[in-house]
Amino acid sequence: MPLSTGPLIGRDTDLSHLADAIGLRPTPGAQPGGVVVLSGDAGIGKSRIVGQLVTEARDAHWFTAIGHCVGQAGSSLAYLPFVELVGAVDAGHPEVVERVLETHPSLGHLLPGRPEAHDPERAGRTTDPGQVAEAVHALLSALGAARPSLVVVEDVHWADHSSRDLITLLLTRGFTKAVGLVVTYRSDDLYRRHPLHETLAVWARIAGLEHVDLAPLPDDAVRELVSGIEGAPTDTTTAAEIARRAEGNPFFAEELVASAAAGQALTGGLSRVLRSRVEQLDDTAQRVLRAIALKGGQFIDHELLSKVLDLPDETLEAALATAVEHHVLEARWPPAYTFRHALLGETVADSLLPGERLRLHRAYAAVLAERPDLAPASELARHAAAVGDLPTAVRASRAAAEAAMAVGGPQEALLHFERALTWLDENDAERDEVTLRASRAAMVAGESVRAMDLLRDRLDHPGAAQDPFVRADLLSTLVIRARILDLPVDSIALTDEAMGLLGEEADERRVRVLVARVQALVDQGSFVEAAVVGNEVSLLAERLGMVGAVAEVRTIMARVLEAQEDLAAVETHLQALVDDIDPDDPLLLRALHQLASLAHRRGDLPGALALYDRGADVARRMHREWAPWGQECRLLGGLTAYELGDWDGAVRRLELGGRPAPQPGRTIFTGAMLLVQAGRGEPVDPDLFDALREWWPVDGLAVVLTVMPAVDVLGDAGDLDGLLVLTEAAVRTLDAAWGEYHAVVRLAALLAGQAARLVPSADPVQRERTVALVDSLLERARVIGELRPAVEKASRPKFERASAESLEDTSRETWAWSARLEAEVLRLRRVVELDDPPGADELVDAWRTSTVAFERYGHVFETARSRARLAAALRSGGDDAGSRREAELAREVAVRLEAKPLLIELDEVRPGPGGGGAHDLTPRELEVLELLARGLTNGQIGKQLYISTKTVSVHVSNLLAKLGASGRTQAAAIARRRGIVTD
């Protein structure tokens, strides 16, 4: 048991902060519960204050449960703290667990002690991190509904990847029931590349999350603490020295007291003080401590310890009793032991001699090989590898990996598979199978680059015993996985090699290789050959009963029809495919994605959004949100909502909200969110663009979704040089990845628009460089509309080629941006070609065409932005009435979207100050003005009109500008004087 230090000292404020954060002492009518992160140095008192919080919660009749993260072997066990925590809930409220298991059977994977819950038929043989996260959140919510509850996850600096992601979800989502969640970590263990470091950055942005950092205790609190310890020195000199050396750390103070009480000097570092605590024990007790220190983990079971040490029961029990009595170990029931503080265990482990370490590893490996039920397979792998028994280490590590996959821990599975690979000889044929499994784990974890690198490494270093058939599997797997990204891979050459390795057998391996071949041919644009191979593999797959392979080939072949611009045939083909695919087949995601993309190309944005949302719903149901096609459906659904003017809906679809997100997915979603931030004029750190560039070489979409909002953000900030550097880098990267691409049209239009604003004040060199870049992109953009439909071996993008006449029907987005580009280039020429600028009528016609095009396409914001520039063109041509009409239509959209940059642009085309009358105000602005004149605040106006306070603020700013007023009072007076409002 821990040293008795009497009452908690010096932490009243921290304890109150924690209690308030979890709602332990709610105000009348308030809901108990809340989430809080507690941090501090090792020994600073995190466990002590959490223990006091738990005691107070129990006294208040709350249910409490604690899960511990552990170091060494435990760090690679997926969901380890949640296995402990869920087990505690099951012991205290089994009826709640039973109820949640009915709707979330994957919870059974965290209940190894409940065999019926872990039934594969009920819980599933494998699961996804999303399933586990949903199950744990549902369990804690149900627990809070039944009884106010406090759950604690301690020491997350040791947490496994899956546990960190699950904790992030719980902190982000919070609880609507009476659940208090406390998460603790050791802050002095962190460094720049520590796995928790990036997670803490996410936690820092979670709204409503409380953070409590335990600072060192003041000296008077340390002296009070020391005086309360039994056996503490009473002379003031020693007490003062202890307080000085402890530096406000309670654990250090207690250890120094124990050292002084035992007659030890207070010289030397703390590690010496900790070792002196151990050295007070007899040789047998020290031997026991060394065995426990090497084991790793939170607790070691008595039976395992007994078998490893091979001591008589009486001797072992006496040694353990001595260690507990001297406050070195803690015990629990059923019999298990751990160090009172992790620093003690680390000190003992560091003091082990090489020979002692080897002998203990050998003892652990021998026991666990015979009794694998005594510890996770990962521990056997660690100990076996330490003594050089690599076959056992590989076997155990593979078992640990499969166990991690079964509970939805692909990151941990990848770690174990890769450890196995480090122990396998290059010539060992088992490397091929382990590589395939490791690559699969990487894909499930969202680490697509790692998945490819693993396959490439084995293909480049096959060893002397690689089976040619297995090599064909490696090659075909690489082809299918490589197409997810934009890394350079010669898929045709890879499938050529794979085909050459196959025998004459018409088996499943041949089907897999041929499917890869069809995909490679379609991606290259060799559609005739793809049709021949597709027919061959379809017939073979049907004969072998491989229904999934048949559907996959049909999905791939839909791209052939797309490339020929036969969109009606494509739609019929894909709709039939969606109707035929089993609702639980992941291939349904790809078919829905393609069908939605087709609707988008044809300009049916509402239809596209419905299909994308359906795909995202299917992905969530299948727990494949970050898998290929599931991720894309959610992303493109968010982008389509953005185009339709539902920016709040776009944010809901795109915001990660602290949820686990693999790369490059996180970069892509971050870039997509920047579109809304840029449109609303929200502050964006320019350094973010450089950070996102890390993933540009991996995925071209990351380039597009970074550079498009960056053009507006940097342009609005007046950073022309930064804008040019980023755009030039983006073009180079996209040229290397995609060749020809429709995104160049939009990029050219956005750049030309910002150039028209910034070039007049730029120096001659910048001006020349800007105009040259716009001209270059303009030339390339015009080529896109001139391309004829492609049938064979066209450069990317095959599926988007069209004649200029048919572009409106085959790619309405590009058609609209092409019109916008021509208008922007005229606007740029007007400020550059001062001697012979385009005429006002020409400019008006171009902007009218752009406005109509975007309106027909359905892009609400870009319609409004084109309309604002049409208003400016009309005003410059002397049509003030037409300008005012277009500007007010644009303003209504800008206000609804809270698009501040567009509102600022519109301010430049409004009537001069003081000229505003009722006819200059929109209906909504008149409503706001009437309530403002009655003295209502923005919040009160928002409640009256059922709009946000932020939107009211935008309306008020516009009113002040239109009326030429300096404040709300003056605006009301002007409105009354002009008869716009009456009392």
Side-chain angles (χ1 to χ4, degrees), residues 37-42 46 67-85 129-130 132-133 136 153-172 181 183-206 209 211 213 296-298 342 346 376 378-379 381-382 397 400-401 403-405 407-419 422 438 441-451 453-454 626 656-667 670 691 694-695:
V37 173
L38 174 66
S39 60
D41 292 349
K46 297 183 297 300
H68 298 85
C69 303
V70 297
Q72 297 187 47
S75 64
S76 55
L77 298 176
Y79 300 116
L80 179 64
F82 290 98
V83 170
E84 180 184 3
L85 196 151
V132 177
V136 172
V153 183
E154 286 216 74
D155 299 325
V156 297
H157 52 280
W158 285 324
D160 58 276
H161 184 280
S162 297
S163 293
R164 287 196 303 274
D165 287 346
L166 201 163
I167 293 166
T168 299
L169 182 138
L170 296 178
L171 293 174
T172 302
L181 172 61
V183 175
T184 77
Y185 70 91
R186 191 192 290 181
S187 52
D188 57 338
D189 262 17
L190 302 187
Y191 49 88
R192 190 169 63 86
R193 295 188 179 275
H194 192 285
L196 185 62
H197 197 273
E198 185 176 353
T199 305
L200 290 176
V202 175
W203 292 358
R205 297 190 294 271
I206 297 176
L209 174 61
H211 296 261
D213 182 54
Q298 178 72 10
E346 292 167 15
S378 59
E379 290 198 26
R382 182 169 68 92
S397 197
M405 288 294 288
V407 297
Q411 286 280 2
E412 288 68 40
L414 178 60
L415 172 65
H416 291 304
F417 279 129
E418 291 195 350
R419 281 178 179 167
T422 64
M443 287 299 293
V444 175
E447 302 287 348
S448 47
V449 176
R450 191 69 171 178
D453 288 344
L454 286 163
W626 289 106
L656 298 178
R659 285 173 290 187
Q663 290 284 24
R666 189 188 319 154
T667 290
T670 301
E694 177 186 354
W695 292 95

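Starting from 1, each residue takes its place in the sequence as its number. In this text, all values refer to a predicted model and were calculated from it rather than measured experimentally.
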*asked:* Could you measure the distance from the CG atom of L200 to the OH atom of Y185? Nearest 0.5 Å is fine.
replied: 4.5 Å
*For S448, check side chain to side chain contact (heavy atoms under 4.5 Å, CB included) against everything at least two apart and list the hits.*
M443, L485, P664
_S163: which residues meet the side chain to side chain donor-acceptor pair (under 3.5 Å) condition with it, sequence neighbours left out?_
D160
*Identify, with sequence neighbours excluded, every residue that meets side chain to side chain contact (heavy atoms under 4.5 Å, CB included) alongside A400.*
A377, S378, H416
*Rounded to the nearest 0.5 Å, how far apart are OG of S187 and CG of L38?*
9.5 Å
*side chain to side chain contact (heavy atoms under 4.5 Å, CB included) partners for E447, two or more places apart*: Q411, A442, A445, R450
*asked:* Would you say that E418 contacts L454 through its side chain, given a criterion of any heavy-atom pair below 4.5 Å between the two side chains?
replied: yes
*Write down the atom of A413, the atom of M405, and the distance for their closest heavy-atom approach.*
CB-CG, 3.4 Å
*How many angstroms lie between CG in L209 and CG in L170, if you round to the nearest 0.5 Å?*
11.5 Å
_Test log, rule side chain to side chain contact (heavy atoms under 4.5 Å, CB included), inputs E694 and T667_ = CA-CA 9 Å; E694 177 186 354; T667 290; over 6 Å; no
*asked:* Rounded to the nearest 0.5 Å, what separates atom SG in C69 from atom OH in Y79?
replied: 13.0 Å
*Grab the two heavy atoms, one from V156 and one from V153, that are nearest each other, plus how far apart they are.*
CG1-CG1, 3.7 Å
*With sequence neighbours excluded, tell me which residues meet side chain to side chain contact (heavy atoms under 4.5 Å, CB included) with T199.*
R164, T168, L196, W203
*Could you go through the side chain to side chain contact (heavy atoms under 4.5 Å, CB included) check for H157 and D155 one step at a time?*
CA-CA 5 Å; H157 52 280; D155 299 325; 3.4 Å; yes
*Output the distance between atom CG (L80) and atom CG (L85), rounded to the nearest 0.5 Å.*
11.0 Å
_Can you confirm whether W158 sits close enough to H68 that some side-chain heavy atom of one is under 4.5 Å from a side-chain heavy atom of the other?_
no
*Set of residues satisfying side chain to side chain donor-acceptor pair (under 3.5 Å) with respect to D213, sequence neighbours excluded*: S39
*Is the side chain of E412 donor-acceptor paired with the backbone N or O of H161 at a distance under 3.5 Å, no angle test?*
yes
